[in-house]
Amino acid sequence: MRHRSSGGIFLSMNALVELRRRFVVALEGLADEPAALAEMILPSQDPRFGDYQANCAMPLGKKLGKPPREIATTLVERLVAAPGWESLCDPPEIAGPGFINLRLKDDGIAARLVTALADTERLGIVPVSAPRKYVLDYSSPNVAKPMHVGHIRSTVIGDALSRVLRFLGHQVITDNHIGDWGTQFGMIIYGYKHFVDTEALAAASVAELSRLYKLVNQIGEHQANLAEKRPALAEKIATQETRLAELATAPPTGDPKQDKQADKKRRQAEGTLADLRREQAELEAKIAAFLADARLSSLAAAHPAIGAAALAETAKLHTSDPENVGLWKRFLPACLEEIQQTYDRLRVTFDHTLGESFYHDRLAGVVEALQKKGLARESDGAQCVFLEGYEAPFIVQKKDGAYLYATTDLATIQYRMEEWAPDAVLYVVDHRQSLHFEQLFATARQIGYDDLELQHISFGTVLGEDGKPYKTRSGSAVGLMGLLDEAVERAGTLAAKSSVLETDTERAAVAERIGIGAIKYADLSHNRTSDYVFSYDKMLAMQGNTAAYMQYSVARVKSIFGRGGIDPETLRGDDATIALSNPAERALAMELLRFTEALARVAAEYKPNYLTAYLFDLAQRFAEFFEQCPVLKADDDATKASRLRLCDLTARTLEQGLALLGIRTVERM
RNA sequence: GCGCCCGUAGCUCAGCUGGAUAGAGCAGCGGACUUCUAAUCCGCAGGUCGCAGGUUCGAGUCCUGCCGGGCGUGCCA
């Protein structure tokens with residue numbers, strides 16, 4: 001698809017693609033795979049080296065046994081001779097060992113931007129020529145259990161990826177694979193049967209169900225602490241003490257290397273022991289706190305082995321016990337409503353919400369099929385798939401006959417293939433489940449899903465300021481709603497300082513967008529695969545790579561139009577021109593052109609932080625432009641109009657970029 | 001024990017199939033509001049990219065070993 005520009009010439013926003021296309025032609029006869037070499041055109045790091053640099057002459061010189069600069073010379077001659085080169089790019093310069101430095105013509109940049117200016121839908125960005133069908137599996141909380149920071153990261157990353165892929169022209173099906181069939185329902189059912197407050201249930205079912213879950217869970221945890229965790233910990237400590245004593249009394253061998261190793265082992269053992277003792281102290285404190293609560297301890301005494309009892313309720317649910325199925329059907333809507341509140345707040349939607357329960361009746365079939373294919377076999381009473389390269393088997397059915405999430409995940413792949421036949425399925429799930437997904441994908445390939453791209457889009461842990469997984473002071477998971485509330489509340493104190501916000505209503509609306517935006521942007525701007533430290537102060541800072549700064553940048557650009565009483569639409573006509581005489585104008589224009597490159601990178605690696613980094617760069621280029629180039633007070637009307645067009649494009653690119661991240665902007669702040 | 005991931009400025013983090021002089025924000029120092037939003041901007045300083053080898057014209061990036069850390073590792077998800 002092509003877009004029309006003012007001169008009647010068809011120009012895509014993507015100058016890099018155009019350059020690569022020309023390099024492929026120029027490389028004809030010189031290389032076996034011109035496309036791969038043409039991929040080696042990258043943005044230059046330093047403006048002295050032009051806008052882009054082609055690095056293909058060096059490897060090619062090596063392969064052909066010729067000096068790279070000679071190859072580069074040949075390429076440059078061919079490029080320059082090709083029709084239309086002079087309107088695209090300056091004559092390339094050859095530098096260093098054989099770099100080819102490329103500098104786009106200002107007129108060409110301007111023409112592309114004029115195309116973008118007129119395109120109110122897509123900013124001149126061309127949809128991919130070969131759209132793919134993606135299924136995106138993200139968020140996936142356990143209903144009835146409170147969501148935590150990990151779910152937010154999955155939700156926010158998955159949502160951003162789905163928006164970007166869609167914008168690029170792919171078909172995307174989003175599916176929230178919620179946990180709605182597991183142990184937590186057994187707990188709620190048990191809680192309902194023994195502890196329900198019928199009035200509270202009638203008045204606020206969600207709150208009451210949540211209370212029941214927490215209560216049963218708390219008692220169960222306490223009993224497990226006493227019966228299992230406490231003795232297990234004591235045994236571990238004893239083992240470790242013995243080991244440490246052995247290590248400490250072992251005589252030196254005389255070999256420095258061995259002694260060093262032994263010393264290291266001893267220090268590690270000391271560290272492990274200290275950790276275990278700390279854990280023990282925490283456990284004892286928890287047990288003591290529970291016992292200090294008279295009501296809880298009497299409940300625990302009255303309901304021994306509550307965990308097993310809850311599991312029994314779960315099992316009855318799974319075997320279609322009419323009462324429990326009835327309760328499940330009755331409670332599920334309230335649980336869904338609860339998580340929906342969070343999605344509403346985040347403004348995240350899904351095409352489908354097919355939870356574990358949806359696949360319930362397919363699980364037996366999955367195991368049977370695996371057995372028939374000879375992939376699954378019985379081991380220690382369980383049905384296992386043994387995979388090459390993995391010590392642990394992929395267990396698809398427990399010895400008690402129950403199915404696991406491995407089974408459900410296989411059934412889900414099967415269903416999605418039957419129903420949607422996607423090219424790719426992406427699972428946005430934290431990195432701790434990487435082994436599970438490796439095994440799942442390996443099993444799926446053995447079943448025969450060879451052409452399907454299965455990707456675990458893993459992400460790192462959200463840490464507290466102490467460097468440990470983000471928890472409340474008491475050690476429990478941080479409630480998601482509370483997290484959002486706090487961010488919005490803190491954003492509110494920022495908004496209160498504003499000189500341009502007039503009413504409390506407006507301040508509240510801005511605070512909501514800044515607060516929610518801050519949380520999302522923090523999750524998205526960090527490299528997906530790394531852990532990162534959660535900090536309200538950092539995510540709400542007005543300087544640096546934050547949502548608040550980006551939103552402020554948008555508001556600042558837009559204020560120019562407000563101040564000047566100018567409707568940007570009047571500047572977007574076919575006769576529009578953009579002049580790039582000032583270096584700051586040109587730098588901003590080049591950055592605007594690169595939006596499409598940033599999106600392509602996001603889609604290639606499923607990494608939203610490439611987009612946040614781009615938007616931050618763009619905001620920086622704009623700040624430099626804003627500093628150096630008067631807009632409303634430009635020397636002449638033509639310059640003013642040209643600069644207003646750059647402002648318009650900047651605002652729209654920032655807004656579009658943020659929208660693709662699921663972040664809303666404000667008119668002023 | 002085995003497997004996966006990580007180690008970049010005082011702190012928090014970027015760094016595009018290996019590219020030229022490794023970047024940003026915070027904190028520190030110094031500047032810029034009678035001038036389009038100063039909730040901002042500009043400048044300075046700050047680095048053995050954990051260590052040691054190797055591959056390469058070229059390594060933060062690839063390989064090997066070591067040091068340090070996180071996570072996972074047969075019936076939770």
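Remember, it's a predicted structure, so these values are computed and weren't measured experimentally.
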- Message: By the 4.0 Å heavy-atom rule, please label A/Val631 as base, sugar-phosphate, or nothing.
- Response: base
- Using a heavy-atom cut-off of under 4.0 Å over every strand shown, decide if A/Tyr549 touches base, sugar-phosphate, or nothing. sugar-phosphate
- Item | Pairwise 5' ranking along RNA chain B for A/Ser499 and A/Pro469, keeping only the more 5' one | A/Ser499
- Query: Taking A/His436 for the side chain and A/Ala406 for the main chain, is one N or O donor matched with an acceptor at less than 3.5 Å?
  - Reply: no
- Message: Base, sugar-phosphate or nothing for A/Lys62? Non-hydrogen atoms, less than 4.0 Å.
- Response: sugar-phosphate
- Item | Salt bridge present between A/Lys538 and A/Glu465 (N-O < 4.0 angstrom) | no
- Item | Watson-Crick or G-U stems of RNA chain B, 3 or more pairs, under 3.5 Å, by first number | B:1-7 with B:67-73, B:10-13 with B:23-26, B:28-32 with B:40-44, B:50-54 with B:62-66
- Where each residue is assigned the nucleotide of RNA chain B containing its nearest heavy atom, which of A/Tyr552 and A/His526 is assigned the position nearer the 5′ end? A/His526
- Query: From B/C41, B/A39, B/C16, pick the nucleotide closest to the side chain of A/Ala623?
  - Reply: B/C41
- Task: Output yes when at least one side-chain N/O atom of A/Thr461 is less than 4.0 Å from OP1 or OP2 of B/C5, else no.
- Result: no
- Give a yes/no answer on whether the side chain of A/Arg556 brings an N or O atom under 4.0 Å of OP1 or OP2 in B/U40. no
- On a whole-Å scale, what distance lies between the C1' atoms belonging to B/G19 and B/C62? 14 Å
- Message: I want to know whether A/Phe622 and A/Phe625 have ring centres closer than 6.0 Å.
- Response: yes
- Query: Quantified in whole Å, what is the P atom distance between nucleotide B/U48 and nucleotide B/C5?
  - Reply: 27 Å
- Query: So which nucleotide from B/C36, B/U17, B/A20 ends up closest to the side chain of A/Glu39?
  - Reply: B/U17
- Message: For a quick check of understanding: with a heavy-atom distance under 4.0 Å over all strands, which category does A/Arg563 fall into, base, sugar-phosphate or nothing?
- Response: sugar-phosphate
- Task: Report which part of the nucleic acid A/Ala495 touches: base, sugar-phosphate, or nothing (heavy-atom distance under 4.0 Å, all strands).
- Result: base
- Spacing of the P atoms in B/C11 and B/G50 (rounded, Å): 14 Å
- Using atom CZ of A/Arg69 as one end and atom P of B/G58 as the other, report the distance to the nearest whole Å. 17 Å
- Message: Within the 4.0 Å heavy-atom criterion, would you say A/Gln543 contacts the bases, only the backbone, or no part of the nucleic acid?
- Response: sugar-phosphate
- Query: Base, sugar-phosphate, or nothing: which does A/Pro141 touch, judged by heavy atoms less than 4.0 Å apart?
  - Reply: nothing
- Item | Heavy-atom donor-acceptor pair, A/Tyr427 side chain to A/Ser458 backbone, under 3.5 Å | no
- Using a cut-off of 4.0 Å on non-hydrogen atoms, how would the nucleic acid contact of A/Tyr390 be classed: base, sugar-phosphate, or nothing? nothing
- Message: Below the 4.0 Å mark, does B/C13 have OP1 or OP2 next to a side-chain nitrogen or oxygen of A/Asn545?
- Response: no
- Query: Which is true for A/Ala604 with a 4.0 Å heavy-atom rule: it touches a base, it touches only sugar-phosphate, or it touches nothing?
  - Reply: nothing
- Euclidean distance for C1', B/U64 against B/A24 (whole angstrom): 33 Å
- Task: Take atom C1' in B/C6 and the same atom in B/G15, then report the distance between them in whole Å.
- Result: 15 Å
- Message: With rounding to the nearest 0.5 angstrom, report the OG1 to CG distance, A/Thr155 to A/Asn176.
- Response: 7.0 Å
- Query: Just how far, in rounded Å, is C1' of B/A39 from CZ of A/Arg668?
  - Reply: 15 Å
- Could you check if the base of B/C11 is syn or anti? Syn means the glycosidic torsion is within 90 degrees of 0. anti
- Counting just side-chain N and O atoms, does A/Asn101 come under 4.0 Å of either OP1 or OP2 of B/A20? no
Under 3.5 Å, N/O pairs linking protein and nucleotides 73-77 of chain B:
| residue | atom | partner | partner atom | Å |
| --- | --- | --- | --- | --- |
| B/G74 | N1 | A/Ser379 | OG | 2.9 |
| B/G74 | N2 | A/Ser379 | O | 3.2 |
| B/G74 | N2 | A/Ser379 | OG | 3.2 |
| B/C75 | O2 | A/Lys399 | N | 3.0 |
| B/C75 | N4 | A/Asp380 | O | 2.8 |
| B/C76 | OP2 | A/Lys398 | NZ | 2.3 |
| B/A77 | OP2 | A/Tyr405 | N | 3.4 |
| B/A77 | O3' | A/Glu356 | OE2 | 2.8 |
| B/A77 | N7 | A/Tyr405 | OH | 3.0 |
| B/A77 | N6 | A/Tyr405 | OH | 2.5 |

- For A/Cys56, answer base if it contacts any base atom (sugar-phosphate contacts may also be present), sugar-phosphate if it contacts only those atoms, and nothing otherwise; contact means non-hydrogen atoms under 4.0 Å. nothing
- Nearest whole angstrom, please: distance from the P of B/C71 to the NE2 of A/His456. 16 Å
- Message: At 4.0 Å (heavy atoms only), tell me whether A/Ala548 reaches a base, stays on the sugar-phosphate, or touches nothing.
- Response: nothing
- Task: Assign A/Ser44 to base, sugar-phosphate, or nothing according to its heavy-atom contacts below 4.0 angstrom with the strands shown.
- Result: nothing
- Query: If you draw the axis of the six-membered ring of A/Tyr52, does the NZ or CZ of A/Arg594 fall within 45° of it and under 6.0 Å from the ring centre?
  - Reply: yes
- Task: With rounding to the nearest 0.5 Å, note down the distance linking CD1 in A/Ile178 to OG in A/Ser139.
- Result: 9.5 Å
- Task: Look at all strands and tell whether A/Ala555 reaches a base, only sugar-phosphate, or nothing, counting heavy atoms closer than 4.0 Å.
- Result: base
- Can you find an N or O donor on one side and an acceptor on the other, under 3.5 Å apart, linking the side chain of A/Asp617 with the base of B/A24? no
- Query: Can you list the steps and then say if A/Phe459 with A/Asp430 is a side-chain contact (heavy atoms from CB on, under 4.5 Å)?
  - Reply: CA-CA 5 Å; A/Phe459 56 85; A/Asp430 79 272; 3.6 Å; yes
- Message: Using modelled atom types and a 3.5 Å cut-off, is there a donor and acceptor pairing between side-chain atoms of A/Asn101 and backbone atoms of A/Gln53?
- Response: no
- Message: Check whether A/Glu585 reaches the backbone of A/Asn582 with its side chain - one donor and one acceptor, N or O, closer than 3.5 Å.
- Response: yes
- Item | NZ-CZ distance between A/Lys520 and A/Arg513, expressed to the nearest 0.5 angstrom | 11.0 Å
- Message: Just the rounded figure in Å: distance from C1' of B/G72 to CD of A/Gln439.
- Response: 11 Å
- Query: Between A/Phe437 (CZ) and B/G72 (C1'), how many Å, whole number?
  - Reply: 14 Å
